[in-house]
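Below is one structure, written out as structure tokens; comments come after it.
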Amino acid sequence: MSEQDQALVYLVPSLDVCWANFAPMRPHRNFIADPPPVAQCADELGRVVAELGPFLEGQYVLAVHTGTYNRDAFYQEPFLEHYRSAVAQGAGIAIHPHEEIRAKGTGHITEPYMRQMIRARKDQLLAGGVTPTAYKGGHFAYPAWLTRILDEEGLHVDFSAAPGYSEPRCDANWIGVAPGGGYLSFEDPTWPEGRGTPSRVLEMPLGNDGGGAVEEVNTLYNEKTDLANLLRVWDAIVAQARAARRPFFVHYLFHNTSIAEERWLDQFRRLIDHARGDAGMIVSPLAAKQAYDRLALAEVNDLEIAPSQERDFIVRTKAIHELMRVLSDDGQVTVSLSQNMV
């Protein structure tokens, strides 16, 4: 068994391409924000790729903001040049919409609207020589119909989930979602893997200690807490994976503006170093998906089936074989296992 297959937690650092004064755009602040300082954001992104890229050995994702306050700026040069450099390191690129509008939230979004918007951003990236492979909903927004769009557009890793979080004004409801990640169903993103019609979209939620959904307390949200709490949350995630007897696949949120803040940058590095030395594997979206599929196949191969279980096993195996027939864009077999299978 490889070192990677022995990890208890697969962690994708999600480095959000945004701007500092965007943070006030919250429901309780009436979704108000100012446009970004584009040149400053480009400089910060360049530093992130140059400084954190090597530290992370290219294993991260850049979540590229697009939204009602800033639709296209981050999908043009010089940002595209930095994305190309990140991809060359081994990183992934995620489309990261924030569709909130002043005083109204996200109530205006529909499936046709989001399909057109996501496709337009994808086309902009492709025209610049960058292939997006992931998605992240702003403020954890994720209507159930979004899974089909991501599946069709080749955005096969999602970072929208926040276990236990619910905010209707942002179209976010993650009550009951599996804290350790898994393949989404088309019917409901909170259903456990194996229920419903499986998609090719692997969910990797924000790392959570299992005790609630308060960003400042329960999650791996770099700028919302201090190092001591981040380490505590990490240890709790490892404990959950150990208790579940299966690896967890989660992400760690960092904003590119923090490259200029020594406190945030230092604790980000320290948490990554701690994770590397404590049952963690730092991975890109592609590496995470490959690891998940490889572990799922190994789980199938290691099963010992008693005669009394053969009928149920045959039914479940048929479902697995149907999933194995579906290939993701990177050529890897996508396999999904029910939590109840073993």
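Numbers here are sequence positions counted from 1.
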* Can Trp191 be reached from Leu146 by stepping across I, L, V, M, F, W or Y side chains whose heavy atoms are under 4.5 Å apart? ->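 Different clusters.
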Considering all heavy atoms of both residues, which atom of [X] and which atom of [Y] are nearest to each other, and what is their separation?
| X | Y | result |
| --- | --- | --- |
| Ala241 | Val9 | CB-CG2, 4.4 Å |
| Gly90 | Ser284 | O-CB, 3.6 Å |
| Phe140 | Ala162 | CD2-CB, 3.6 Å |
| Asp16 | Ala63 | OD1-CB, 3.3 Å |
| Gly211 | Asn218 | C-ND2, 3.6 Å |
| His82 | Gly46 | CE1-CA, 3.5 Å |

Got a second to check how far [X]'s [atom1] is from [Y]'s [atom2], nearest 0.5 Å?
| X | Y | atom1 | atom2 | value |
| --- | --- | --- | --- | --- |
| Ile109 | Thr68 | CD1 | OG1 | 11.5 Å |
| Arg47 | Ile259 | CZ | CD1 | 5.0 Å |
| Leu150 | Met114 | CG | CE | 8.5 Å |
| Leu15 | Leu45 | CG | CG | 9.5 Å |
| Leu271 | Leu220 | CG | CG | 6.0 Å |
| Asn256 | Cys18 | CG | SG | 6.5 Å |

* Residue pair His139, Glu167: steps toward the side chain to side chain contact (heavy atoms under 4.5 Å, CB included) verdict -> CA-CA 9 Å; His139 294 329; Glu167 176 48 76; over 6 Å; no
Just so I know, are the side chains of [X] and [Y] near enough to count as touching, which here means a heavy-atom distance under 4.5 Å?
| X | Y | result |
| --- | --- | --- |
| Asn208 | Pro179 | no |
| Pro54 | Gln89 | yes |
| Pro189 | Leu184 | yes |
| Pro37 | Trp19 | yes |
| Arg121 | Leu125 | no |
| Leu11 | Phe248 | no |
| Leu8 | Asp278 | no |
| Ile118 | Ile149 | yes |

* Check the angle between the aromatic planes of His98 and His96 and answer parallel, tilted or perpendicular using the 30° and 60° thresholds. => perpendicular
* Geometric class of the His251/Phe159 ring pair [parallel <30°, tilted 30-60°, perpendicular >60°] ->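 Aromatic pair Phe159/His251 classed perpendicular.
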Short N-O contact, [X] and [Y], less than 4.0 angstrom:
| X | Y | value |
| --- | --- | --- |
| Arg148 | Glu187 | no |
| Arg263 | Glu261 | no |
| Asp266 | Arg270 | yes |

* To do: For side-chain hydrogen bond (donor to acceptor under 3.5 Å, both in side chains), just list the numbers for Glu223 and Ser258, CA-CA rounded to whole Å, side-chain angles, deciding distance to a tenth of an Å, and then say yes or no.
  => CA-CA 8 Å; Glu223 294 85 9; Ser258 295; 2.7 Å; yes
Between [X] (side chain only) and [Y] (backbone N and O only), is there a donor and an acceptor less than 3.5 Å apart?
| X | Y | value |
| --- | --- | --- |
| Arg200 | Asp151 | yes |
| Glu44 | Ala260 | no |
| Gln267 | Leu227 | yes |
| Lys136 | Asp158 | no |

* Asked: By ring-ring contact (aromatic ring centres under 6.0 Å, His included), which residues pair with Phe249, not counting sequence neighbours?
  -> Tyr10, Tyr292
* Mind checking what makes ring-ring contact (aromatic ring centres under 6.0 Å, His included) contact with Tyr135, not counting sequence neighbours? -> none
Validation row, ring centre [X] to ring centre [Y] under 6.0 Å:
| X | Y | value |
| --- | --- | --- |
| His255 | Trp264 | no |
| Phe186 | Trp145 | no |
| Phe254 | Tyr221 | no |

* Is there a side-chain hydrogen bond (donor to acceptor under 3.5 Å, both in side chains) between Tyr142 and Asp171 once you walk through the steps? -> CA-CA 6 Å; Tyr142 199 96; Asp171 282 281; over 6 Å; no
* Asked: So Gln124 and Asp72, side chain to side chain contact (heavy atoms under 4.5 Å, CB included) or not? Walk me through it.
  -> CA-CA 9 Å; Gln124 283 182 297; Asp72 297 307; 3.2 Å; yes
Do [X] and [Y] have side-chain N/O donor and acceptor atoms under 3.5 Å apart?
| X | Y | value |
| --- | --- | --- |
| Glu99 | Tyr113 | yes |
| Lys224 | Thr219 | no |
| Tyr183 | Asp293 | yes |

* **Residue pairs fulfilling salt bridge (Lys or Arg N to Asp or Glu O under 4.0 Å) with at least one residue in residues 79-91, sequence neighbours excluded** => Glu77-Arg84
* To do: Name all pairs fulfilling the salt bridge (Lys or Arg N to Asp or Glu O under 4.0 Å) condition that reach into residues 202-214, sequence neighbours left out, sorted by first residue then second.
  =>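 Those involving residues 202-214 are Asp209-Arg232.
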* Charged tip of Arg269 within 45° of Phe55 ring normal and under 6.0 Å ->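 Yes - Arg269 lies over the ring of Phe55, closer than 6.0 Å to its centre and within 45° of its axis.
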* **All pairs passing side-chain hydrogen bond (donor to acceptor under 3.5 Å, both in side chains) where residues 125-134 contributes a residue, at least two apart** => none
* May I have the step-by-step check of side chain to side chain contact (heavy atoms under 4.5 Å, CB included) for Val12 and Ile282, ending in yes or no? => CA-CA 6 Å; Val12 174; Ile282 310 304; over 6 Å; no
* Could you walk me through whether Val64 and Tyr83 pass side chain to side chain contact (heavy atoms under 4.5 Å, CB included), step by step? => CA-CA 9 Å; Val64 183; Tyr83 305 150; 3.1 Å; yes
* To do: List, by chain and then residue number, the residues other than Val217 in its hydrophobic cluster (Ile/Leu/Val/Met/Phe/Trp/Tyr, side-chain heavy atoms under 4.5 Å); write none if there are no others.
  =>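 ILVMFWY cluster around Val217 also holds Val214.
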